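Right, one structure below, let's go through it.
In what follows, every chain begins at residue 1, and chains take the letters A, B, ... in the order their sequences are listed. Just so it is clear, the structure is predicted and the values come from calculations on it, not from any experiment.
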Amino acid sequence: MSERVVTRFAPSPTGYLHVGGARTALFNWLWARRNGGTFILRIEDTDQKRNTPTAARQVMTDLQWLGIDWDEGPETGGPHGPYLQSQRTDLYDKYVRQLLDEGKAYHCFETAEELDAMRQEAEAQKTGFVYRRPENPPSEEQAQQARAEGRAIAVRFAVPQDQPIVVNDVVRGQISFNPAELADFIILKSDGFPTYNFACVVDDALMEVTHVIRGQEHLMNTPGQQALWQALFPERPLPQYAHMSVTVSDSGGKLSKRERPKTLRAAIEALQNPDLGKLAAAGGISTDDVAAFLEGKSVPDMPAIDAMAASLGVRLPEINIVDFFKSGYLPETMVNFLALLGWNPGDQREVMSVEELTEAFDLSRLTKSNSLFDRQKLIAFNTEHIRMVPKDVLLDHFKAYLEQVQSPLLAADDEVLAKVLELCEGARTLEQIDQKSRFLYVEDDHIEFDETAVKKVLLKGQALEVLQIVRDRLAQMSEYTEQALEDMLRGLAEERQVGLGKVAQPLRVALCGTTISLPIFDSVNLLGKQRTLTRIDATLKRFGAATKAESK
RNA sequence: GCCCCCUUCGUCUAGUGGCCUAGGAUAUCAGGUUCUCAUCCUGGAGACAGGGGUUCGACUCCCCUAGGGGGUACCA
């Protein structure tokens, strides 16, 4: 493979990087890395209405979290910059001019509304709408005049009609298109910005892109782009196109950003008496916004959606890359899992490191059919990667996670965190590790007791009695080691002719408020004698009184 | 409506005409280990969308039907 490889990821900055985009980025990146080639990041911000100023930065942050770096792009620079399309308009203008002069493009004056009307009419008659090229395209003078009158003026590419356009796709083979069914598409919008189909071709050519790896949703754009490329850059070879299958959601349909708001809306609607005011406050938006959201009229931004969901304790399906970060997935897991969505190494390997993926990746093994995003399998992968990743790397990931969710465990030093990670071997997500360990750093009088845990463990049988004995023996222990603790608890269980669970569970709930925590001996040990006793006393006082009251 | 793509266990997939009584993973079920949650171990069940061809022989090649997906913008 001595051939030079240049790939690119070209997102439009409309929000967070989502799973689909991340996969596209990853495949392009893997292919470039595999071949010692160049990976370019290009921001396609030619739609004035849809861009948000911080989105490009957000996308870059998300890529970086995944470990996807770019050789050329924003903030990195490179020989083909700038890498924001909104800063390249002079280039696009130049090529539009060239096409116009060569008679390969022409002006048109229809407004968006007029075109809409034509389209609707066509639809009413159940026929497809194809823009018909006028017999005599407007002259340069007419265009000048229209411009002077302030009319909307756009430029269309005249798609060559002489022969079928054959796209040679790496994944799907040769696909032939009838040019008569390809409309003369707009390349320059009336606001002066190029359309995607135009800017993309100009940039791919200028940036010397050799491989275009993208989702199947772009397959229908390809004949037009290819024709444009040949009109503009006849001397340059076309890039290799590879159209990947689409990723669909396990809740049915295409994996879409809209799933999160949808899930939240359903959760709110399922409530008897949703407190809209409280929701609005949680989301930092107005009550009217919440009402409009419930009626399906508008959708608040992601942070507001997240905050409202959190206030209700509702879990939203992860869609954006940051969502997976917040749910405690490792970047290694995401990269591995994403890579297997529409690709496989051809042997029976599945859990793979980035290095292995890079080494094995090949365009010839891209899958044709759509794949479903299976969260269950993702969790299984995460379990494997948590186990596989080097200790220091895992520690770094864990600290980043704790920071992200602002866990009380942030107060712990590296030594304790490393110990916690060791004790949580077999955990499925970083979130689980955090959840079962954070009690260590919660104030003794701030323990939240889980209702079912209290009922099922503490208030059952002789639990409180046993807890009292545990407390007394603990207080008397001169040596407070894990081994001593274990001996004591096991001894007690044996004395009372019960399983260790009968002794350990009440203690666990007293210390953590839940039935889920680190192994009990370690929990007691890490918490320290004093705090352990304090928590047991508080529990005995609180629930001991409750049972007495009940028995009266 | 029109155009394009796709179709193997629930899910992701291996399979490029005989290695297929179709392999792996995950999920699921049964059993075991275990102080909780997990992990872990053993075993089980589970698929070539349907119909026609081609061929000595089709999961593999061709056609049709059905189903799924994508596109049909002055979005990308």
Side-chain angles (χ1 to χ4, degrees), chain A residues 10-14 44-47 49-50 85 108 110-112 115-116 119 122-123 125-130 152-156 167 169 171-172 175-178 181-183 185-191 193-197 199-200 214-223 243 245-246 248 250 253-254 337 340-351 367-381 383 387 424-429 432-433 435-436 453 457 486 489-490 493 499-505 507-509 512 514-521 523:
Chain A
S12 63
T14 53
E44 309 225 325
D45 55 349
T46 55
D47 185 354
K49 292 188 267 308
R50 299 207 318 169
Q85 287 188 330
C108 59
E110 293 87 356
T111 63
L115 288 168
D116 258 356
R119 211 168 280 126
E123 189 149 336
Q125 289 169 24
K126 293 208 167 186
T127 60
F129 172 71
V130 180
I153 171 165
V155 178
R156 283 180 190 268
V167 172
D169 188 82
V171 182
R172 291 160 213 284
I175 307 163
S176 182
F177 295 87
N178 179 359
E181 276 152 12
L182 247 52
F185 54 95
I186 290 185
I187 55 176
L188 192 70
K189 298 185 266 188
S190 54
D191 65 2
F193 279 90
T195 58
Y196 159 74
N197 275 316
C200 168
R214 54 175 24 167
Q216 191 205 242
E217 62 267 28
H218 288 290
L219 190 56
M220 298 303 284
N221 292 141
T222 310
H243 288 94
S245 54
V246 169
V248 296
D250 53 1
K254 195 174 151 195
F337 192 72
L340 256 29
L341 242 38
W343 173 83
N344 70 78
D347 48 38
Q348 309 218 298
R349 283 182 297 171
E350 289 207 320
V351 176
T367 299
K368 287 180 183 154
S369 52
N370 291 351
S371 46
L372 187 140
F373 192 86
D374 183 353
R375 293 170 199 281
Q376 306 265 42
K377 193 157 180 171
L378 177 71
I379 290 179
F381 269 53
T383 311
R387 204 194 307 279
C424 289
E425 208 234 288
R428 318 207 77 177
T429 64
Q432 283 186 351
I433 301 177
Q435 290 296 340
K436 72 203 292 198
V457 177
E486 180 160 358
L489 290 170
R490 283 197 194 280
L500 183 55
K502 288 276 188 246
V503 178
Q505 283 304 80
L507 177 58
R508 191 190 304 279
V509 176
C512 321
T514 73
T515 52
I516 302 168
S517 83
L518 298 173
I520 193 66
F521 314 119
S523 294

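Closest contact between the side chain of A:Met220 and the listed nucleotides B:G70, B:C2, B:U11 involves B:G70. Side-chain atoms of A:Asn370 lie closest to B:G69 of the nucleotides B:G69, B:C74, B:U36. The listed nucleotides are B:C35, B:A76, B:C74; the one nearest the side chain of A:Ala152 is B:C74. Comparing B:C3, B:C5, B:G70 against the side chain of A:Glu181 picks out B:C3 as the nearest.
Remark: A:Thr46 is in phosphate contact with B:A76, judged by side-chain N or O atoms under 4.0 Å from OP1 or OP2. OP1 or OP2 of B:C4 has not a single side-chain nitrogen or oxygen of A:Arg172 nearer than 4.0 Å. Look at A:Asn344 and you'll find a side-chain N or O under 4.0 angstrom from OP1 or OP2 of B:A14. Contact annotation: A:Lys189 side-chain N/O to B:A73 OP1/OP2 distance is not under 4.0 Å. Regarding contacts with the backbone of B:U26, every side-chain N or O of A:Arg375 stays at 4.0 angstrom or more from both OP1 and OP2. For B:A76, neither phosphate oxygen OP1 nor OP2 lies less than 4.0 angstrom from any side-chain nitrogen or oxygen of A:Arg50. For A:Arg490, a side-chain nitrogen or oxygen approaches OP1 or OP2 of B:C35 to under 4.0 Å.
Using N1 to N3 plus N6-O4 or O6-N4 for Watson-Crick, or N1-O2 and O6-N3 for G-U wobble, each under 3.5 Å, B:U28 pairs with B:G44. Under the Watson-Crick or G-U wobble criterion, with both distances below 3.5 Å, B:U72 is paired with B:G1. In this entry B:U34 has no Watson-Crick or G-U wobble partner, no candidate having both defining distances under 3.5 Å. Pair assignment for B:U55 gives none, since no Watson-Crick or G-U wobble pairing has each distance under 3.5 Å. B:U21 is unpaired under the criterion used here, namely a Watson-Crick or G-U wobble arrangement in which both key atom distances are under 3.5 Å.
Side-chain atoms of A:Thr14 and A:Arg50 form no donor-acceptor pair, as typed in the model, at a separation below 3.5 Å.
A:Ser190 contributes a side-chain N or O that forms a donor-acceptor pair with the base of B:C74 under 3.5 Å. For B:G24, the base has a donor-acceptor partner in the side chain of A:Glu350 [N/O atoms by modelled type, under 3.5 angstrom]. At a cut-off of 3.5 angstrom, counting only N and O atoms as typed in the model, there is a donor on one side and an acceptor on the other between the side-chain of A:Asn221 and the base of B:A76.
When heavy atoms are screened at a 4.0 angstrom cut-off, A:Thr515 is found touching base atoms of the nucleic acid. Within the 4.0 angstrom heavy-atom criterion, base atoms lie near A:Phe521. Counting any heavy atom pair closer than 4.0 Å across all strands shown, A:Leu219 reaches sugar-phosphate atoms only and no base atom. Within 4.0 Å of A:Arg387, counting heavy atoms only, lie sugar-phosphate atoms of the nucleic acid but no base atom. A:Ser371 comes within 4.0 angstrom of sugar-phosphate atoms only, judged by non-hydrogen atoms across all strands, and of no base. Looking at heavy-atom distances under 4.0 Å, A:Leu115 makes contact with a base. Residue-level contact check: A:Ile520 touches the bases, meaning some heavy atom is under 4.0 Å from a base atom. Residue contacts shown for A:Ser517 include a base, since a base heavy atom lies under 4.0 Å away. Among the protein residues, A:His218 comes within range of the nucleic acid bases, having at least one heavy atom under 4.0 Å from a base atom. The residue A:Ala380 sits close only to the backbone: its heavy atoms come under 4.0 Å of sugar-phosphate atoms, none of a base. When heavy atoms are screened at a 4.0 angstrom cut-off, A:Asp116 is found touching no nucleic acid atom at all. As judged by a 4.0 angstrom heavy-atom cut-off over every strand, A:Asp374 is placed among the base-contacting residues. Among the heavy atoms of the strands lying under 4.0 Å from A:Arg428 are primed sugar atoms or P, OP1, OP2 only; no base atom is included. Heavy atoms of A:Glu425 sit under 4.0 angstrom from at least one base atom.
Distance NZ (A:Lys49) to C1' (B:C75): 8 Å, rounded to an integer number of Å. Rounded to whole Å, the distance from NZ on A:Lys368 to P on B:C5 is 11 Å. A:Phe337 has its CZ atom 14 Å from the P atom of B:U11, to the nearest Å. For the pair A:Leu518 CG and B:U39 P, the interatomic distance rounds to 17 Å; values are reported in whole Å. We find that CZ of A:Phe129 is positioned 16 Å from C1' of B:C3, with the value rounded to whole Å. For the pair A:Ile433 CD1 and B:U36 P, the interatomic distance rounds to 19 Å; values are reported in whole Å. Straight-line distance from the CG atom of A:Leu188 to the P atom of B:A73: 19 Å, rounded to whole Å. In this structure, NZ of A:Lys377 is placed 14 Å from C1' of B:U28, rounded to the nearest angstrom.
With a 6.0 Å radius and a threshold of 12 heavy atoms from other residues, nucleotides or ligands, A:Lys189 has its NZ atom above the threshold.
Put simply, the side chain of A:Ser523 gets close to the backbone of A:Leu518: a donor and an acceptor are under 3.5 Å apart. A:Lys436 contributes no side-chain N or O that, together with a main-chain N or O of A:Cys424, makes up a donor-acceptor pair within less than 3.5 Å.
Position along RNA chain B of the nearest nucleotide to A:Ile516 versus A:Asp45 favours A:Ile516 as the more 5'-ward residue. Residue A:Gln376 is the one, among A:Gln376 and A:Glu44, whose nearest nucleotide of RNA chain B lies closer to the 5' end (criterion: closest heavy atom).
Taking both residues in full, the closest heavy atoms of A:Tyr196 and A:Arg214 are given as OH-NH2, 3.2 Å, listed atom of the first, atom of the second, then distance.
In this structure, A:Asp374 does not pair ionically with A:Lys377, as no charged nitrogen and carboxylate oxygen lie closer than 4.0 Å.
Taking atom P on both B:G67 and B:C20, the two are 35 Å apart, rounded to the nearest angstrom.
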